[in-house]
> 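Okay, handing you the structure first.
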Amino acid sequence: RYVRQLQRLQLLFSPTAADSRGARQFVEEEALDFARQNPDVVLYVSPRAGPAPVLLAEYMNGTVREELIASKTSEEIKQLATKLAGQSGLDIIRIRKPFHTDNPSIQGQWHPLTNKPSALTVQGPRLQPQ
Amino acid sequence: VAKTSLTSPPWPEVKLPDPVEEAKHHAEVVRKVNAMIAAGHYGRLFAVVHFASKQWKITSEDLIMMDNVLEAECGDRIRMEKVLLVGADDFTLIGRPLLGKELVRVEATVIEKTESWPKINMRFRRRHNYQRKKIIVHPQTVLRINTIEIFPSL
């Protein structure tokens, strides 16, 4: 049971600016292939006349990531899109431990009194009858 | 000959049991454990697995991250071989060094393939006007262990 964490990919570019040439080529050639290879990602393509072209990725935990695609070839945009599709929405910061468990100990966590004989079997000066 | 402080070694003398009886005892323990596995008298299983040049102690439903790129796509199920140890609440199976593939089965799924946080690699030499700064981002893969199963084929 694998659920892809990417919800939406919004491709915003302008139809006339020179730096969104790669975005336009990507839309013409590879957007259909990308959408078919990843059927669980929704791809919105919206041409708008504004600032630089941008690839917006929204994830299931609400984080939104923007990546500039100005003056990039369509191959690079495709690689970027696959990389974003493989990520999840967690922040990219330093993670302290490369593993995470909910049940860390099965046979009981070790404490200094495991594998030691109990006080009843120990013959000491206090426990002997006087 | 008189007994001095050096006649016998300082550690307590241990008498080894009879090898034939030992072999019978071993066979009986193996049969009991096999019966327990076949009957299903175990709760959670944990395993020690050698993966990506590291050894991990894993249970079911836990996350593992590695600093490399696997050739599997997101959402692929992977079966991990190279299992060194499998344990439950009452018994453990230790391999020398690996356990057989007919005994254990560890399955995992590739959840995400991201990049790490941007690490700074800087070189500086004092009084020589030399400094280089490089930002390194390397790919990571996150796996989730789905199941660990054992089969009574001891």
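Remember, it's a predicted structure, so these values are computed and weren't measured experimentally. The sequence lines fix the lettering, A, B, ..., with proteins before strands; numbering per chain opens at 1.
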> Could you see if A:L12 belongs to whatever hydrophobic cluster contains A:Y59? Use Ile, Leu, Val, Met, Phe, Trp, Tyr and a side-chain cutoff under 4.5 Å.
no

> At a 4.5 Å cut-off on heavy atoms, which part of B:L143 comes close to chain A: side chain, backbone, both, or neither?
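For B:L143, there is no contact with chain A at all, as no heavy atom is under 4.5 Å.
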
> In terms of hydrophobic clustering (I, L, V, M, F, W, Y; side-chain heavy atoms under 4.5 Å; direct or indirect links), are A:L80 and A:L11 co-clustered?
yes

> With only heavy atoms counted, which part of B:K54 is less than 4.5 Å from chain A, the side chain, the backbone, both or neither?
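For B:K54, there is no contact with chain A at all, as no heavy atom is under 4.5 Å.
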
> Atom CZ in A:F99, atom CG in B:L63: separation rounded to 0.5 Å?
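The distance works out to 11.5 Å.
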
> Side chain from CB out, backbone as N, CA, C, O: work out which of these in B:Y42 comes under 4.5 Å of a heavy atom of chain A, or both, or neither.
neither

> In terms of heavy-atom pairs under 4.5 Å, which option from B:C74, B:S60, B:P118, B:S116 contacts chain A the most?
B:C74

> Check the hydrophobic clustering (I, L, V, M, F, W, Y; side-chain heavy atoms under 4.5 Å; chains of links allowed) and say if A:L43 and A:I77 are grouped together.
yes

> Select, from B:Q140, B:K113, B:R44, the one with the greatest count of heavy-atom pairs under 4.5 Å involving chain A.
B:R44

> As an exercise, state the distance from CD of B:E115 to NZ of A:K83, rounded to the nearest 0.5 Å.
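Going from the CD atom of B:E115 to the NZ atom of A:K83 covers 4.0 Å.
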
> Tell me whether B:V104 shares a hydrophobic cluster with B:L98, the cluster being built from Ile, Leu, Val, Met, Phe, Trp, Tyr side chains joined at under 4.5 Å.
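No, B:V104 and B:L98 fall in different hydrophobic clusters.
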
> Please classify the contact of B:V142 with chain A as side chain, backbone, both or neither, using a heavy-atom distance under 4.5 Å.
neither

> If you count heavy atoms of other groups shown closer than 6.0 angstrom to CD of A:E75, is the number above 12?
no

> Quick check on A:I95 against chain B: is it the side chain, the backbone, both or neither that has a heavy atom closer than 4.5 Å?
side chain

> Hey, is NE2 on B:H138 packed in by over 12 heavy atoms from elsewhere, all under 6.0 Å?
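Correct, the count exceeds 12.
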
> Are more than 12 heavy atoms from other residues, nucleotides or ligands located less than 6.0 Å from atom CZ of A:R21?
no

> What closest approach, in Å, do B:T114 and A:Q87 show between heavy atoms, and which atom pair accounts for it?
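Taking every non-hydrogen atom into account, CG2-CG, 3.0 Å.
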
> Under a 4.5 Å side-chain heavy-atom rule over Ile, Leu, Val, Met, Phe, Trp and Tyr, are B:L84 and B:V49 clustered together?
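Looking at the clustering, B:V49 is in a separate group from B:L84.
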
> Quick one, A:T101 and B:T59 - any side-chain contact, counting heavy atoms below 4.5 Å?
yes

